[in-house]
Amino acid sequence: MVCLVSRTGRQSQRYNKGRRQVVGCIPYRLKISSDGTISDEFEVLVISSQKGHALMFPKGGWELDESVEEAASRESLEEAGVVGNVERQLGKWDFLSKSKGTFYEGLMFPMLVKEELELWPEQHLRQRIWMKVDEARDACRDWWMKEALDVLVQRLSLLSLKPMEEDENLPLISIY
């Protein structure tokens, strides 16, 4: 069962040295070719801001009662309506909030999407759009999220360069 209500309020959120900690995911999937087979390319999911003026990856506050991976997964469910496997952290960035004028600490994770839900908590507040990596990089509003996307692209491209003898189950992935 999936909870269809977003968490609100900041009284239970984590802070580090006075900076609110936010976590998010870059949801991605392997593209399906026209013949129904999985291709070697991938797409990422961007969402609109609540006011609809900018595109970004799902992210939000990290609550005291959850692990960082649980928070990243929850934010992806609440804001983008996707469920999947949260993978190894892409990095940590300090950034200035455009709306609040305060510094935040952002942690980003890749998420291999397993399911795209028809109903999700913020479906009436946001749009979700699957894009090619280069399109998403151009469209994304925040510099630190673009950097996280660059780390994901590098990581996935390194996976595609490994010889198949090492692990026959690894997908071959191209970045464009």
Side-chain angles (χ1 to χ4, degrees), residues 1-10 13 20-34 36 38-39 41-63 66 68-87 89-91 93 95-102 104 106-153 155-156 173-176:
M1 177 179 220
V2 174
C3 178
L4 293 179
V5 178
S6 293
R7 288 188 174 195
T8 58
R10 295 194 175 160
Q13 293 189 353
R20 181 172 168 238
Q21 292 182 300
V22 296
V23 297
C25 282
I26 299 178
Y28 74 95
R29 67 180 181 191
L30 298 176
K31 285 179 66 174
I32 306 297
S33 299
S34 57
I38 296 175
S39 79
E41 296 181 51
F42 73 96
E43 298 173 307
V44 294
L45 183 69
V46 294
I47 59 170
S48 63
S49 63
Q50 285 190 354
K51 295 179 182 171
H53 302 300
L55 293 176
M56 64 190 71
F57 298 111
K59 63 109 177 95
W62 177 10
E63 303 281 335
E66 59 193 354
V68 67
E69 294 86 1
E70 289 170 336
S73 183
R74 176 183 50 78
E75 288 297 335
S76 295
L77 172 77
E78 289 177 357
E79 295 185 353
V82 292
V83 178
N85 297 336
V86 175
E87 299 170 350
Q89 183 176 318
L90 295 167
W93 290 264
F95 65 95
L96 182 64
S97 166
K98 290 184 182 349
S99 61
K100 305 284 185 209
T102 57
Y104 284 44
L107 297 93
M108 292 295 287
F109 296 82
M111 173 191 269
L112 178 58
V113 173
K114 298 293 184 190
E115 184 178 3
E116 194 171 339
L117 304 175
E118 290 183 35
L119 301 172
W120 72 95
E122 297 186 19
Q123 69 184 24
H124 299 295
L125 300 173
R126 301 179 187 275
Q127 289 185 298
R128 60 183 178 191
I129 306 160
W130 286 100
M131 294 183 167
K132 292 180 179 181
V133 170
D134 54 341
E135 295 170 336
R137 191 174 199 299
D138 289 342
C140 187
R141 161 184 83 179
D142 298 312
W143 66 268
W144 65 281
M145 288 187 177
K146 291 180 185 199
E147 284 189 11
L149 180 59
D150 292 342
V151 174
L152 175 60
V153 166
R155 186 179 294 173
L156 292 178
I173 300 171
S174 67
I175 57 175
Y176 296 101

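Worth knowing before you read on, the calculation uses all heavy atoms, side chains too, and leaves out hydrogens, waters and symmetry mates.
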request  = Pick out which of Glu69, Glu79, Glu66 makes a side chain to side chain donor-acceptor pair (under 3.5 Å) with Arg74.
outcome  = Glu66

ask   = What are the two closest heavy atoms between Pro121 and Leu77, and how far apart are they?
value = CD-O, 3.8 Å

inquiry  = Ignoring hydrogens, what is the shortest heavy-atom contact between Ala72 and Gly24? Give both atom names and the distance.
reply    = CB-O, 4.0 Å

Pairwise side-chain contact, Met108 with Val23, heavy-atom cut-off 4.5 Å (strictly under) = no

key: From Phe95 atom CZ to Thr102 atom OG1, the distance as rounded to the nearest 0.5 Å   = 8.5 Å

CA sep, side-chain torsions, deciding dist, call: Trp130, Val113, side chain to side chain contact (heavy atoms under 4.5 Å, CB included) = CA-CA 11 Å; Trp130 286 100; Val113 173; 3.8 Å; yes

query = Going from CD on Glu87 to CG on Leu152, what distance comes out if it is rounded to the nearest 0.5 angstrom?
reply = 8.0 Å

task = Could you tell me whether Glu70 atom CD has more than 12 heavy atoms of other residues or ligands within 6.0 Å of it?
result = yes

ask   = Atom CZ of Phe109 and atom CG of Asn85: how far apart are they, to the nearest 0.5 Å?
value = 13.5 Å

request  = Rounded to the nearest 0.5 Å, what's the gap from CZ on Arg29 to CD on Glu43? Could you check?
outcome  = 4.5 Å

ask   = Can you tell me if Lys114 uses its side chain to pair, donor with acceptor, with the backbone of Val83 under 3.5 Å?
value = no

query = What do the steps show when you test Met56 against Val46 for side chain to side chain contact (heavy atoms under 4.5 Å, CB included), and what is the final call?
reply = CA-CA 5 Å; Met56 64 190 71; Val46 294; over 6 Å; no

remark   = Residues pairing under side chain to side chain donor-acceptor pair (under 3.5 Å) where one sits in residues 44-60, two or more places apart or in two chains, turn out to be none

Contact summary for Trp144 and Gly106, nearest pair of heavy atoms = CZ3-CA, 3.9 Å

task = Please round to the nearest 0.5 Å and tell me the distance separating atom CD1 of Ile26 and atom CG of Leu90.
result = 5.5 Å

key: Phe42 vs Leu156 side-chain heavy atoms within contact, under 4.5 Å   = yes

request  = Please report the closest heavy-atom contact between Phe57 and Cys25, naming both atoms and the distance.
outcome  = CB-O, 3.3 Å

remark   = For Glu78 and Trp120, the nearest pair of non-hydrogen atoms, with its separation, is O-CD1, 3.2 Å

ask   = Are side-chain heavy atoms of Met131 and Leu55 found at a separation under 4.5 Å?
value = yes

ask   = About how many Å separate OH of Tyr28 and CG of Leu149, when rounded to the nearest 0.5 Å?
value = 12.5 Å

inquiry  = Is the shortest side-chain heavy-atom distance between Val44 and Arg137 below 4.5 Å?
reply    = no

message = On a heavy-atom basis, which atom in Ser73 and which in Val86 lie closest, and how many Å separate them?
response = CB-CG2, 3.9 Å

ask   = Do Arg128 and Glu116 meet the salt-bridge criterion of a basic N to acidic O distance under 4.0 Å?
value = yes

